[in-house]
Amino acid sequence: LGKLSRFPNLQYLILDKNGLGRNACDALATMLSRGSCNLLSLYLKDNDLDNGCVEVLTSSLRANTKLETLELNKNDQITSQEGGGLLFQLLGGRD
């Protein structure tokens with residue numbers, strides 16, 4: 001995934017059902033935090049993501065103004081309270 005930065009015009013990335021975990025989240029977060037990232041939609045459905053992955057992704061998305069869609073369904077280790085709470089805060093919700 002680290003080589004994705006070579007494709008600055010990439011707008012849609014579908015990585016469903018790839019067994020992705022923390023290392024992939026770290027690489028995606030690095031890509032998303034770059035000003036040159038033009039990604040509009042990121043699909044990560046049915047992987048091995050957890051609340052730590054959501055934390056890494058939400059941290060990078062604070063500076064990203066382009067991503068419009070983030071699909072995280074069917075990642076059973078993401079809890080609605082912790083992972084969902086981080087996403088809610090990112091979108092401007094209150095604790």
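Nothing fancy with the numbering, it's 1 onward along the sequence.
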Please list, one pair per line, the donor and acceptor atoms closer than 3.5 Å that link side chains of residues 57-66 to other protein atoms, with sequence neighbours excluded.
| from | atom 1 | to | atom 2 | distance (Å) |
| --- | --- | --- | --- | --- |
| Thr58 | OG1 | Val54 | O | 2.9 |
| Thr58 | OG1 | Glu55 | O | 3.1 |
| Ser59 | OG | Glu55 | O | 3.0 |
| Ser60 | OG | Leu57 | O | 2.8 |
| Asn64 | OD1 | Lys66 | N | 2.8 |
| Asn64 | OD1 | Leu67 | N | 2.8 |
| Asn64 | ND2 | Leu32 | O | 3.0 |
| Lys66 | NZ | Gly35 | O | 3.2 |
| Lys66 | NZ | Cys37 | O | 3.4 |
| Lys66 | NZ | Asn38 | OD1 | 3.0 |

- Not counting sequence neighbours, list each pair that qualifies as a salt bridge (Lys or Arg N to Asp or Glu O under 4.0 Å) and has a residue in residues 2-17. none
- Message: Under the rule for side chain to side chain contact (heavy atoms under 4.5 Å, CB included), what residues qualify as partners of Leu13, not counting sequence neighbours?
- Response: Leu4, Leu10, Leu15, Leu28, Met31, Leu39, Leu42
- Other ILVMFWY residues reachable from Val56 by side-chain steps of under 4.5 Å: none
- Note on the structure: The side chain to side chain contact (heavy atoms under 4.5 Å, CB included) partners of Ser41 (sequence neighbours excluded) come to Tyr12, Tyr43, Thr69
- Could I get the full list of side chain to side chain donor-acceptor pair (under 3.5 Å) partners for Thr30, not counting sequence neighbours? none
- Please collect all salt bridge (Lys or Arg N to Asp or Glu O under 4.0 Å) contacts where either partner lies in residues 25-52, sequence neighbours excluded, each pair once. Arg22-Asp26
- Find out if a path of hydrophobic residues (ILVMFWY) with successive side-chain heavy-atom gaps under 4.5 Å connects Leu40 to Leu87. no
- Query: Quick one: salt bridge (Lys or Arg N to Asp or Glu O under 4.0 Å) pairs with a partner in residues 71-83, sequence neighbours left out?
  - Reply: none
- Query: Among all residues two or more places apart in sequence or in another chain, which pass the side chain to side chain contact (heavy atoms under 4.5 Å, CB included) test with Ala24?
  - Reply: Leu1, Leu20
- Task: With sequence neighbours left out, write down each residue that passes side chain to side chain donor-acceptor pair (under 3.5 Å) with Asn23, or none if nothing qualifies.
- Result: none
- Interatomic distance, Leu72 atom CG to Cys53 atom SG [nearest 0.5 angstrom]: 9.5 Å
